[in-house]
Amino acid sequence: MVIQLEEKKTNLVISKKDKPLGALEVAKIQLEKAANKMNLDPNILAQLKEPERVLLVSVPVKMDNGKVKIFSGFRSQYNTARGPAKGGVRYHPNVCLDEVKALSAWMTWKCAIAGIPFGGGKGGIQCNPKEMSESELERLSRRYIFEISPIIGPKQDIPAPDVYTNPKIMGWYADTYNKMNHSADYATITGKPIDFWGSEGREEATARGLSDIVEEAAKYLKINPTKATVVVQGYGNAGSIAARLLHEQGYKIIGVSDSKGGIYNLEGIDPLDVLEHKNKSGTVSDYSKASSISNEDLLKLKCDVLVPAALESVITKENVYSIKAKVIAEAANGPVTPKADDILFKRGVFVIPDILANSGGVTVSYFEWVQGLYGYFWSKQKVNRRLKKLMVKAFGEILKISQKEKIDNRTAAYMYAISKVASSMKIRGIWP
Ligand code: NAD
């Protein structure tokens with residue numbers, strides 16, 4: 001199969017001096033852009049530029065070969081004006097303090113947009129979970145949660161899954177925390193397994209929230225899902241479930257990828273069949289009912305909806321002109337750099353920013369927290385119904401701002417989130 005990846009350039013000019021930005025620089029640029037637009041009080045802005053608290057920990061783990069290896073771990077609590085810090089823990093070789101800070105900033109905005117009573121937090125461990133045995137991972141996870149235990153708790157900071165962490169790891173976290181405190185606490189960790197007081201619907205919540213938002217965007221943009229195509233980069237929790245749910249809405253999935261490479265088939269790909277294959281072989285890239293494509297070229301496929309669902313900064317000034325999607329729904333955090341953002345807006349691409357598009361995960365984490373505090377658990381239907389209500393509301397609020405101000409959706413989302421956080425900060429004041 002041959003595909004055309006023609007490059008059409010617009011007449012926008014980009015400075016050649018632009019250097020690649022880290023996630024934290026990206027987060028700061030986004031914040032300042034929105035703050036300028038809304039004339040944010042400089043005293044509030046100064047506080048919003050830095051996290052409230054960061055914790056660096058050394059995590060010693062006895063490896064299977066008997067040697068002790070020290071891993072670097074992080075936890076950042078960015079802003080807690082609206083409630084306890086909330087955010088996932090990422091296991092990745094490239095995790096660093098600045099990335100964790102940026103992710104915790106994005107969590108702050110996301111929780112404000114979702115209208116849930118949390119601030120933003122995030123954690124990470126610099127490690128390669130793919131090269132570790134299950135027992136090494138368990139020891140790493142339990143020791144990490146012990147190390148950050150002084151600053152977490154149901155009313156302090158509530159960890160959850162992120163890249164390369166999952167319900168099993170959340171179960172180890174929750175068990176360790178409970179054993180340490182001789183208690184039965186169901187609300188300090190979310191994203192737990194259902195049989196350890198997780199919430200129905202949590203595992204697919206990020207993708208479900210995204211598919212609810214894409215449904216709203218499609219109505220607004222008059223896209224008929226049964227005649228539209230989708231490309232998904234990253235086939236983990238967010239990406240694989242987004243592919244399935246969008247397929248259920250009628251979209252044709254024409255390309256997907258993971259860290260080992262991508263596949264495409266313009267006739268359509270069955271997302272469940274690909275997932276079954278990935279579960280057996282460890283990757284989508286050798287799936288036989290589609291052709292191979294690199295992660296870079298996958299992003300350039302002509303499609304209606306592009307879902308980046310892997311890591312940060314994959315759409316940059318270098319490849320933005322090759323993007324042919326009409327809608328970009330950011331399942332991943334920070335997949336589009338600020339320069340690329342400006343160009344996408346000028347080109348009329350409808351970007352649904354991460355802090356809105358993937359807020360379904362933290363929204364159902366909030367539901368899990370509420371259920372854990374009460375010890376009273378809801379059905380999946382109730383979870384999904386309540387999730388959709390919040391997602392649709394948030395989409396409507398942000399669209400109203402972007403239309404009124406004639407600005408991109410990301411800046412509108414930031415303005416909406418910042419105004420909520422700033423209002424809480426003003427009410428609470430600076431102590432002492
Ligand atoms: P995951 O670990 O379940 O999946 C990550 C996927 O990305 C895997 O398929 C992996 O192979 C792929 N990947 C890694 N590097 C890649 C690369 N260079 N190119 C292409 N694919 C690559 O993680 P996840 O939970 O699905 O998270 C994915 C993104 O969604 C992250 O940005 C995360 O912060 C964001 N997110 C996740 C949640 C959640 O609840 N899981 C919530 C909000 C946002």
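Start at 1 and go down the list; that is how both ligands and their atoms are numbered. Worth saying up front: this structure is predicted, and the values here are computed from it rather than measured.
- Considering both main-chain and side-chain atoms, Asn358 never comes within under 3.5 Å of ligand 1 through any nitrogen or oxygen pair.
- Across Pro335, Gly239, Ser259, Gly88, heavy-atom proximity to atom 13 (N) of ligand 1 is greatest for Ser259.
- Residue contacts with ligand 1: Lys278 is included, with a non-hydrogen atom under 4.0 Å away.
- For the pair Val327/Asp304, no side-chain contact is recorded, criterion being any heavy-atom separation below 4.5 Å from C-beta on.
- Polar contact with ligand 1: present for Asp162 (N/O pair, distance under 3.5 Å).
- Between Phe345 and Val351 there is no side-chain heavy-atom pair separated by less than 4.5 Å.
- Of all heavy-atom pairs spanning Ala187 and Gly372, the tightest one is CB-C, 4.3 Å.
- In terms of protein heavy-atom proximity, atom 27 (O) of ligand 1 is closest to Val163 CG2, 3.6 Å.
- Atoms of ligand 1 lying under 4.0 Å from at least one heavy atom of Arg202, given by number and element, are 40 (O).
- Judged purely by distance below 3.5 Å, without hydrogens or angles, the side chains of Asp185 and Thr188 pair a donor atom with an acceptor atom.
- Each of the following atoms of ligand 1 lies closer than 4.0 Å to a heavy atom of Leu311: 15 (N).
- Polar contact check, Asn295 against ligand 1: a nitrogen or oxygen pair lies under 3.5 Å apart.
- Side chains of Thr411 and Asp408: a donor on one and an acceptor on the other come within 3.5 Å.
- Between the side chains of Thr283 and Ser281, no donor-acceptor pair is found at a separation under 3.5 Å.
- Geometrically, ligand 1 and Thr206 share a nitrogen or oxygen pair separated by less than 3.5 Å.
- At under 3.5 Å, not a single nitrogen or oxygen of Ser257, backbone or side chain, sits near a nitrogen or oxygen of ligand 1.
- Neither the backbone nor the side chain of Glu204 has a heavy atom within less than 4.0 Å of ligand 1.
- Checking only distances, Gly236 does come within under 3.5 Å of ligand 1, N or O to N or O.
- Contact annotation for Lys260 and ligand 1: no heavy atom of the residue comes within less than 4.0 Å of the ligand.
- Among residues two or more places apart in sequence or in another chain, the side chain to side chain donor-acceptor pair (under 3.5 Å) test is passed with Asp270 by none.
- Heavy atoms from both the backbone and the side chain of Asp258 come within less than 4.0 Å of ligand 1.
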Q: Go through Lys382 and Glu200 one step at a time and tell me if the salt bridge (Lys or Arg N to Asp or Glu O under 4.0 Å) criterion holds.
A: CA-CA 9 Å; Lys382 185 180 263 189; Glu200 292 288 349; over 6 Å; no
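- For ligand 1, one of its N or O atoms has an N or O atom of Arg90 under 3.5 Å away.
- Under the side chain to side chain donor-acceptor pair (under 3.5 Å) criterion, Ser419 pairs with no residue, sequence neighbours left out.
- The presence of a protein heavy atom under 4.0 Å from atom 18 (N) of ligand 1 is ruled out.
- Tyr164 and Lys130 share a side-chain donor-acceptor pair at under 3.5 Å.
- The pair Arg139-Glu136 fails the salt-bridge criterion, with no side-chain N (NZ, NE, NH1 or NH2) lying under 4.0 Å from an Asp/Glu carboxylate O.
- Selection from Ala309, Gly282, Ala332, Ser240 by nearest heavy atom to atom 28 (C) of ligand 1 gives Ala309.
- Given atom 9 (O) of ligand 1, the protein heavy atom at minimum distance is Tyr235 N, 3.0 Å.
- Looking at Ala310, Gly191, Ala238, it is Ala310 that brings a heavy atom closest to atom 31 (C) of ligand 1.
- Near Ala331, the atoms of ligand 1 lying under 4.0 angstrom from a non-hydrogen atom of the residue are 30 (O), 35 (C), 36 (N), 44 (C).
- No close placement of the Tyr186 and Trp369 rings is indicated, their centers lying 6.0 Å or farther apart.
- Salt bridge status for Lys28 with Glu25: absent, with no side-chain N to carboxylate O gap under 4.0 Å.
- Of the protein's heavy atoms, Asn237 OD1, 3.5 Å lies nearest to atom 41 (N) of ligand 1.
- Backbone and side-chain nitrogen or oxygen atoms of Tyr164 are examined, and one is located within less than 3.5 angstrom of a nitrogen or oxygen of ligand 1.
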